[in-house]
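What follows is a single structure, written as structure tokens, with notes after it.
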Amino acid sequence: MIDPFTLLAFVPAALALNVTPGADMMLCLAQGMRSGRSSAWAASAGVSAGSMVHVTIAGLGLGAVVAAFPWAFEVIRWFGVAYLLYLAVHALRSSTVKVAGQGMHPWKAFRAGLFTNLSNVKVIWFVLAFIPQFVEPDAGPVFIQFLVFGALIAIGGFFINGLVGVFAGTLGAKLVRSSKVLGYVTGSIYAALAARLAVME
């Protein structure tokens, strides 16, 4: 059973990260601009499906490792601190994101979203850095907790990326123009999460 206060801390952090422009969001934006709403939602669904694949792989691996070597959770925690700090520096240095992707049929847009997300191996590293700080080994199976948190990220990402595609002419364009500001915001979030992960017991 996941503690409600943990969920209250997780959801705002996950949503804040979901609104940060990246390759997945730019793909949905491109589909909305070039193929319409259906393709935008399809691409967003593909992205979310891909993220759940990453979450499942990471959760299975982490659950097995922690079950066999309880001290491994501590190693993973410090890996998470280092990786989140790396992401913070990278976000602060980034100022632009490119809109890429051709217009396509919804099914092809779904596949594009799926493969775009699956081909980004950094996603699984992010999952391993972000989710474990909210996982409580004593609260139940690590894998189930991973799936719950991963599903929340995937659902939030589905709606946010889909809406960016639907409102490609307004909301999407504003996000692209404000990517530098969002880079600072995201970098600060990553740094705060790294600090939280470093001091948690």
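Scope of the values below: all heavy atoms of this structure, side chains included, with no hydrogens, waters or symmetry mates. As the structure is a prediction and not an experimental result, all values here were calculated from the model.
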For this session: For residues A13 and F130, report the shortest heavy-atom separation together with the two atoms involved.
Result: CB-CZ, 4.1 Å
Scan the side chains in residues 106-113 for donor-acceptor partners under 3.5 Å anywhere in the protein, sequence neighbours excluded, and list what turns up.
none

Seminar exercise, completed: In this structure, CG of N117 is separated from CG of L114 (nearest 0.5 Å) by 7.5 Å
Exercise. How many angstroms lie between CG in L163 and CG in L29, if you round to the nearest 0.5 Å?
Worked result: 12.5 Å
Problem set entry | Minimum-distance pair of heavy atoms, taken over all atoms of C28 and A43 | SG-C, 3.9 Å
For this session: Give me the ring orientation class for W41 and F159: parallel if the planes are under 30° apart, tilted from 30 to 60°, perpendicular past 60°.
Result: perpendicular
Seminar exercise, completed: Per side chain to side chain contact (heavy atoms under 4.5 Å, CB included), F143 is matched among V55, V148, T56, V135 by T56
Exercise. Is there a side-chain contact (heavy atoms from CB on, under 4.5 Å) between M52 and I153 once you walk through the steps?
Worked result: CA-CA 9 Å; M52 283 306 298; I153 293 176; over 6 Å; no
Exercise. Do the ring planes of F10 and F134 sit parallel (below 30°), tilted (30 to 60°) or perpendicular (above 60°)?
Worked result: perpendicular
Seminar exercise, completed: Heavy-atom closest pair (A154 atom, S48 atom, distance to 0.1 Å) is O-OG, 2.8 Å
Problem set entry | Q145 side-chain N/O to E136 backbone N/O, donor-acceptor pair under 3.5 Å | yes
Problem set entry | Test log, rule side-chain contact (heavy atoms from CB on, under 4.5 Å), inputs L7 and L152 | CA-CA 10 Å; L7 284 176; L152 291 174; 3.8 Å; yes
Seminar exercise, completed: d(L15 CG, I160 CD1) to nearest 0.5 Å is 5.0 Å
For this session: Would you check, one step at a time, whether the test side-chain contact (heavy atoms from CB on, under 4.5 Å) holds for M26 with V164?
Result: CA-CA 9 Å; M26 294 304 101; V164 167; 5.7 Å; no
For this session: Locate the shortest heavy-atom distance separating N18 from M25; write the atom from each residue and the value.
Result: O-CE, 3.5 Å
For this session: Heavy atoms only: give me the nearest A58-V127 pair and the separation to one decimal.
Result: CB-CG1, 3.8 Å
For this session: Work out which heavy atom in F158 is nearest to a heavy atom in S44; give both atom names and the distance.
Result: O-OG, 2.6 Å
Exercise. Which is it for V47 and T116 under the side-chain contact (heavy atoms from CB on, under 4.5 Å) test, yes or no, and what are the steps along the way?
Worked result: CA-CA 7 Å; V47 168; T116 296; 5.6 Å; no
